[in-house]
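See structure below.
No hydrogens, no waters, no symmetry mates; every other heavy atom, side chains included, goes into these values. Just so it is clear: chains get the letters A, B, ... in the order the sequence lines come, proteins before strands, and each one is counted from 1.
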Amino acid sequence: MIRGGFKATLCFDRRLFSGITTLSVIAFVPMAIVSVPSDLLTGDRRGISLTAGIVLTVVGVFFILMELRAPSAPAEHAVAPSSQLPFRTGLIYLAVGGGMAALTADWFVAGFKPATEAIGIPTAFAALVIIPLLGNVAENYVALRYAWAGDGDGAMSVIMHSVVQIALLMTGVLVIVSQFVGRTPLSLQLDPVLTVSLGLALVVLWMIMYDGEMQPVEAVALLAVYVILGATIWAEGSLGT
Amino acid sequence: MIRAHSILIAGIVLTALAGVLHTVWSDTAGTIAASVPLLLVAPVVARGTDALRGRLSASVVGIVQSGFGNVAEFAITILALRANLPEVVKIAIVGSLLGNAVLLGASQGCCR
């Protein structure tokens, strides 16, 4: 085990993740259907988006129930916590963490557009990169800890569960909630650049998961793709508002 | 005692500070100041879920971990919907999927 460099291939048991990886690609299908330019589909596609949102939520709930019934999760043999807190203290940490997230998210959103303009960051770039980085830092932190400790199964489990939960549950629930919150219901119709980027990224992820290993050159190439997309959105991205 | 809970204390203090800046100064200052405690949600939640191991089944711990892991992002997107920013929400969803699938996968490959 060589740590801290481009010297080792991250290996994991692909059999553990074949189902969940395929599910992440399937979750993309409704978004692709709604987003693809078509003469067949007319209107603003919000009705189709709501139907897709409900279906995604139902599949997401089914996925959670199946996970609860599973005898063991792949990540359970992962990194041992360095200094485990008592159970009650852990609950306090979770409650405080949830409260911090709710409060700071409110303040973060309140001045989001003026803040990006004041700093000079395109709003589309901030939405694509900065919000997900802030929002997903917990999973990133945990998964990187697993990867650093050499637990490829644990790391991939965190990634794939997060991808599927966002693609199914979070997307579906947001579409449903948007019917009651805000003035504009959320549509799943994405810009073609985002649709193609997302579709290709999920297919590439599926191929890597099917392979059962991630070589350093694949990792660097994936990172390059993300940088190119981010740079494109930075230079040319616009929310059209 | 204080050192053992330094992350929790820092998170509470910085959240309070962001709240003061948001209320007293401006929304822009509140947004910038709120970014730091948003980042601290991760280690606070991670320590909390670590404490559940052994008392709850691995599946439940995994779901709690993923659920609380996404709580900051879910809160941001719901509030962005309320602020009538649906395009920001759509791009943020794509960014989350890409970020997890591409950036995180790549980072893992790099850090091994």
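Closest of all the heavy-atom pairs between A/Ala115 and B/Thr28 is CA-CG2, 3.5 Å. Shown here for B/Val41 and A/Gly97, the closest heavy-atom pair between the two residues is CG1-O, 3.8 Å. The nearest pair of heavy atoms linking B/Pro86 to A/Thr184 is CG-CB, 3.9 Å. The two residues A/Ala105 and B/Ala72 come nearest to each other via the heavy atoms CB-O, 4.3 Å. Of all heavy-atom pairs between A/Ala201 and B/Leu98, the closest is CB-CD2, 3.4 Å. Among all heavy-atom pairs drawn from A/Trp107 and B/Ala34, the shortest one is CB-CB, 4.2 Å.
Top candidate by heavy-atom pairs under 4.5 Å with chain A, chosen from B/Ser26, B/Ala33, B/Gly11, B/Pro43, is B/Gly11. Chosen from A/Phe87, A/Phe112, A/Phe28, the residue pairing most often with chain B at heavy-atom distances under 4.5 Å is A/Phe87. Top candidate by heavy-atom pairs under 4.5 Å with chain B, chosen from A/Thr171, A/Val163, A/Leu169, is A/Val163. Between chain B and the residues A/Met170, A/Arg88, A/Met31, A/Met100, the most heavy-atom pairs under 4.5 angstrom are made by A/Met100. The residue among B/Thr31, B/Asp27, B/Val44, B/Val36 with the most heavy atom pairs within less than 4.5 Å of chain A is B/Thr31. Among A/Val109, A/Leu94, A/Val181, the residue making the largest number of heavy-atom pairs under 4.5 Å with chain B is A/Leu94. Among B/Ala80, B/Ala29, B/Gly19, the residue making the largest number of heavy-atom pairs under 4.5 Å with chain A is B/Gly19. Top candidate by heavy-atom pairs under 4.5 Å with chain B, chosen from A/Ala126, A/Ala102, A/Gly99, A/Gly182, is A/Gly182. Among A/Val225, A/Leu190, A/Leu229, the residue with the largest count of heavy-atom pairs under 4.5 Å with chain B is A/Leu190.
Residue B/Ala83 touches chain A through its side chain alone, counting heavy-atom pairs closer than 4.5 Å. In this structure, chain B has no heavy atom under 4.5 Å from any part of A/Val227. Residue contact with chain A, scored on non-hydrogen atoms closer than 4.5 Å, involves the side chain of B/Leu85 exclusively. Only the side chain of B/Ile32 comes within contact range of chain A, with heavy atoms under 4.5 Å apart. In this structure, chain B has a heavy atom under 4.5 Å from the side chain of A/Leu103, while its backbone stays farther away. For A/Thr89, the part sitting under 4.5 Å from any heavy atom of chain B is the side chain, from C-beta outward, and nothing else.
Taken to the nearest 0.5 Å, the OG atom of B/Ser35 stands 10.0 Å off from the CD1 atom of A/Ile131. Interatomic distance, B/Leu81 CG to A/Ser178 OG, rounded to the nearest 0.5 Å: 5.5 Å. The line from CG of B/Leu8 to CD1 of A/Ile92 is 8.5 Å long, rounded to the nearest 0.5 Å. Between the CG atom of B/Leu79 and the OG1 atom of A/Thr104 there is a distance of 10.0 Å, given to the nearest 0.5 Å. Here A/Leu174 contributes atom CG and B/Thr77 contributes atom OG1; the two are 4.0 Å apart, rounded to the nearest 0.5 Å.
With respect to the salt-bridge test (charged N to carboxylate O, under 4.0 angstrom), the residues A/Asp106 and B/Arg82 qualify.
The side-chain contact (heavy atoms from CB on, under 4.5 Å) with B/Lys90 is formed by just one residue from the set A/Leu186, A/Asp191, A/Leu194; it is A/Leu186.
Side chains of A/Tyr93 and B/Val45 form no contact here, defined as non-hydrogen atoms less than 4.5 Å apart.
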